[in-house]
> 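Encoded as structure tokens, here's the structure I'll be asking about.
Just so you know, these numbers come straight off a predicted model, no measurement behind them. Lettering follows sequence order; numbering is per chain, from 1. Excluded from the calculations below are hydrogen atoms, water molecules and symmetry mates; all remaining heavy atoms, backbone and side chain alike, are included.
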2 protein chains.
Amino acid sequence: MKSRVTISDVAKAAGVSNSAVSYALNGKAGVSEQTRDKVLSVASRMGWRPNRAAKALSDASTRTVGLVLTYDTAVLSIESYTMELIAGLTAEFEKAGYSLLVRSSSSRRHELAVLREWVAAGAVDAVLLMNVELGDPRIELFREHPRMPVLLLCDESLSGGLPALSDNGRAATHLVVDYCHGLGHRRIARVAGSEQMGHTFIRDNAFREESAAFGMDYLCLHADYSPESGDRCTRRLLSLPQPPSAIVYDSDVMALAALKAAASMGVRVPDDLSIISWDDSFMCRMSSPGVTALNRDVVARGRKAAGMLIDLAEGRTVQPHAEVADDLIVRGSSAPVGDECVGVEVAV
Amino acid sequence: MKSRVTISDVAKAAGVSNSAVSYALNGKAGVSEQTRDKVLSVASRMGWRPNRAAKALSDASTRTVGLVLTYDTAVLSIESYTMELIAGLTAEFEKAGYSLLVRSSSSRRHELAVLREWVAAGAVDAVLLMNVELGDPRIELFREHPRMPVLLLCDESLSGGLPALSDNGRAATHLVVDYCHGLGHRRIARVAGSEQMGHTFIRDNAFREESAAFGMDYLCLHADYSPESGDRCTRRLLSLPQPPSAIVYDSDVMALAALKAAASMGVRVPDDLSIISWDDSFMCRMSSPGVTALNRDVVARGRKAAGMLIDLAEGRTVQPHAEVADDLIVRGSSAPVGDECVGVEVAV
DNA sequence: TTGTAAGCGTTATCAC
DNA sequence: GTGATAACGCTTACAA
């Protein structure tokens, strides 16, 4: 395995010592300009590149950040969240020469094992945790290992004191509820995601508080992000004696299922029912009517997370952040409540 | 940085030498059962885990496979291909304790630089190349560096002799053309992706040959996967003196755009026009009518690729493979050509 | 069966 | 300014 060019090879070729080469290549003081130039030219001529493993062993840094993906293969091909996040992360990492180390886990227990191994093996310089749950055992793991920097993608209130990048659920909730209120809706509902998820918890509370503040009726059903559950919950809500005039869905998939469910029940969208999706996607654009959706810049969030992770990996402290702002993209699925003619007149 | 447990720590605690510990922990001969047991129990009590960097330096293996993502952020949130591939890859890697190292590149040149660095730094044990283009410079790079195992996701005929996992474009093309022919279509068209892409090249040829073999008229337009280009090409095709009765789209996004374009031109789908998408997705299921689509099991392909990459990384040779079969999911967007009443009668 | 020691490629601490 | 040399943690001849 002697094919790669090492520092010793360069040193020999340049007729200097290993340390001189090291200093020269790292731009450190300790060598004359003359030898530095010679070393640099020889090194580049020989095609020297630092060996990753040796560097990692020597200075205990890998320039790598770890991410464990927990797949629900059914959700995988539908949700673009993870891919956009990875795009943002790696785009920002690229500037600093960091890599993303990805593993997948079939269960929370297995994920914990992977994380523990990373900590013990020094395989990564920092770890990103997504899909934080209430009482998430990963939080305790990293509190026990303060030497391994970690960033949680969740609300600051859920991170147990660990650095967090908030998904901004409260601000977004205000945006959505305020929008519904502005359209005249006074009876709204929400089809939420899994109750264990930290972001669901945050949104649950935020929706309850916001709707109360606006004096609106609010009802929440918990589903599982599947189109079937979106369909089921929509039917339940629309069958109530006093059905809501607007429903917010925690995912675009459920919102699209709702669009179909409403149609099959003879409920007109947006005349009788406004539908709003928490996540925007190409599907929301292409459906008829288009679905009003919260536009979360997940790529930007990934970039932000990457910056924070690099800071943490290099020993700098970071403040919990929530500065990536969301906005609402209004499409045909939402409209003023009540008599649609009045609504149209007002809008025009 | 002395917080982690090393082999020396274990050796000291167990009262044996470093090498005894190493042998014991790696299940190698050279220690008595007695000392092996003692070492194992001491090691697990102390929570010893092998240090990644040290192992990598010592045996020049990282148990890591590299993947460079080249993002088109517009496509990113729409296409699930990459995410599904990563899911399959990491799921299979997990069994063997391999990790996926991900970087992103903004340009082909930058990707080449990343790959070169990986080769020189020994950062990964193998590399996966996707989106192979005609005359792809990456092929030459890896032919120059035969020590770095590589797997190309493309047709065997494009890989320049390097190991390849075919995306099976020919077989799938036959499936699609045969299906169209069976429905009575004799004038078909295709809205293809970028002409530089290897898979486009393969499909171009395969479609030409298959349609000729069936004695069908075939016309192909090259687009760029964007909804706008899908719309534009569809309008052009439908404005021909003798428009096709079936159009195959290289992506679901373009197929969905076509659905809208046809509707706005008063062309009925599937009565006047059958639409078939090369990629299946949730959108194809949810649209009205649903879009007939080629169902490529990308996750399975990822698993297969992972297995081959591990073989390559560990020095075993692999055969070019194309065994992941595709199938066609028929939905409402395709139907027998001509008088739709006849078609319905036949179908019922 | 066991322990000693060299080597992997860097970085960093020393003498000189 | 320069060049030996130790250290990082592990594997593996080789010697005992």
Side-chain angles (χ1 to χ4, degrees), chain A residues 1-40 42-43 46-63 97 117-123 125 147, chain B residues 1-40 42-43 46-63 97 117-123 125 147:
Chain A
M1 238 344 149
K2 209 72 207 72
S3 73
R4 294 206 184 94
V5 181
T6 75
I7 270 191
S8 300
D9 298 332
V10 176
K12 223 165 286 171
V16 295
S17 73
N18 284 11
S19 45
V21 174
S22 180
Y23 287 138
L25 292 170
N26 292 309
K28 295 201 174 175
V31 278
S32 64
E33 275 312 307
Q34 193 185 350
T35 39
R36 180 186 305 277
D37 290 346
K38 183 164 62 180
V39 166
L40 288 180
V42 169
M46 299 179 75
W48 176 87
R49 304 252 61 201
N51 176 292
R52 277 279 252 276
K55 195 164 209 138
L57 182 58
S58 175
D59 69 3
S61 95
T62 61
R63 295 186 88 78
E117 195 202 310
W118 276 350
V119 170
D125 290 351
R147 313 186 74 130
Chain B
M1 238 344 150
K2 209 73 206 73
S3 75
R4 295 206 184 94
V5 182
T6 74
I7 268 191
S8 300
D9 297 332
V10 175
K12 221 166 286 169
V16 295
S17 73
N18 284 11
S19 50
V21 174
S22 178
Y23 288 139
L25 291 169
N26 291 309
K28 295 200 174 174
V31 277
S32 64
E33 275 312 305
Q34 194 185 349
T35 41
R36 181 186 303 277
D37 290 346
K38 182 164 64 182
V39 166
L40 288 179
V42 169
M46 299 178 74
W48 175 86
R49 306 251 61 202
N51 177 291
R52 279 277 253 274
K55 194 163 211 138
L57 182 58
S58 174
D59 67 4
S61 97
T62 61
R63 294 187 87 77
E117 195 204 311
W118 276 349
V119 170
D125 290 351
R147 313 186 73 130

> Take atom CG of A:Asp59 and atom P of C:dG9, then tell me their distance rounded to the nearest Å.
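Rounded to the whole Å, the gap is 16 Å.
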> Please report the distance, rounded to the nearest Å, between CZ in A:Arg52 and C1' in C:dG9.
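Result: 14 Å.
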> Take atom CD1 of A:Ile7 and atom C1' of D:dG3, then tell me their distance rounded to the nearest Å.
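Distance check: A:Ile7 CD1 to D:dG3 C1' gives 14 Å.
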> Of A:Lys55 and B:Arg36, whose nearest nucleotide on DNA chain C comes first from the 5' end?
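Of the two residues, B:Arg36 wins.
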> What nucleotide, of C:dT2, D:dT2, C:dA12, holds the atom closest to the side chain of A:Lys28?
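So the side chain of A:Lys28 is nearest to C:dA12.
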> Is the shortest side-chain N/O distance from A:Thr35 to OP1 or OP2 of D:dT2 below 4.0 Å?
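Checking A:Thr35 against D:dT2: at least one side-chain N or O falls below 4.0 Å of OP1 or OP2.
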> Judged by each residue's nearest nucleotide on DNA chain C, which is more toward the 5′ side, A:Ala54 or B:Gln34?
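On the 5' side of the pair lies B:Gln34.
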> So what does A:Arg49 hit on the nucleic acid, given a heavy-atom distance under 4.0 Å: a base, only sugar-phosphate, or nothing?
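It contacts sugar-phosphate atoms only.
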> In Å, rounded to the nearest 0.5 Å, how long is the span from CD1 of B:Ile7 to CG of B:Asn18?
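Reported value, rounded in 0.5 Å steps: 6.5 Å.
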> Within this structure, what is the CG-to-P distance between B:Asp37 and C:dT2, rounded to whole angstrom?
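So the two atoms are 11 Å apart, to the nearest Å.
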> Please tell me if A:Asn26 has a side-chain N or O lying less than 4.0 Å from either OP1 or OP2 of C:dT11.
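Affirmative; the distance criterion is met.
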> Salt bridge or not for B:Glu117 and A:Arg52, using N-O below 4.0 Å?
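Salt bridge flag = yes for A:Arg52 with B:Glu117.
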> If you round to the nearest 0.5 Å, how far is CG of A:Asp9 from CH2 of A:Trp48?
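Spacing of CH2 (A:Trp48) from CG (A:Asp9) equals 11.5 Å.
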> Where the side chain of B:Tyr23 is defined as all heavy atoms beyond and including C-beta, which of D:dT2, C:dT13, D:dA13 is the nearest nucleotide?
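The listed nucleotide nearest to B:Tyr23's side chain is D:dA13.
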> Below 4.0 angstrom from OP1 or OP2 of D:dC10, is there any side-chain N or O of B:Asn18?
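Indeed not, no polar side-chain atom of B:Asn18 lies that close.
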> A:Ser17 has a side chain; which of D:dG1, D:dA4, C:dT10 sits nearest to it?
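Taking heavy atoms from C-beta onward, the closest nucleotide is D:dA4.
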> In whole Å, I'd like the distance from the CG atom of A:Asn51 to the C1' atom of C:dG9.
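That distance rounds to 6 Å.
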> Tell me: NZ of A:Lys12 to P of D:dT2, nearest whole Å?
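Atom-to-atom, A:Lys12 to D:dT2, this comes out as 20 Å.
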> Could you please name the option among D:dA13, C:dT2, D:dC10 that lies closest to any side-chain atom of B:Trp48?
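For the B:Trp48 side chain, the nearest candidate turns out to be D:dC10.
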> Under 3.5 Å, is there a donor-acceptor pair between the B:Ser32 and B:Thr35 side chains?
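Yes.
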> Give the nucleotide from the list C:dG3, D:dC10, C:dT13 with an atom nearest to the side chain of B:Ser19.
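The answer is C:dG3.
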> Say you draw a straight line from CE of B:Met46 to CZ of B:Arg4; how long is it, rounded to the nearest 0.5 Å?
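Separation between the atoms: 15.0 Å.
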> Between B:Ser22 and D:dT12, does any side-chain N or O lie under 4.0 Å from OP1 or OP2?
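Checking D:dT12 against B:Ser22, no side-chain N or O comes under 4.0 Å of OP1 or OP2.
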> Give the nucleotide from the list D:dG9, D:dT11, C:dT10 with an atom nearest to the side chain of A:Leu57.
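Closest nucleotide among those given: D:dG9.
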> Side chain of B:Ser58: nearest nucleotide among C:dT11, D:dT11, D:dG3?
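Looking only at side-chain atoms, B:Ser58 lies closest to D:dT11.
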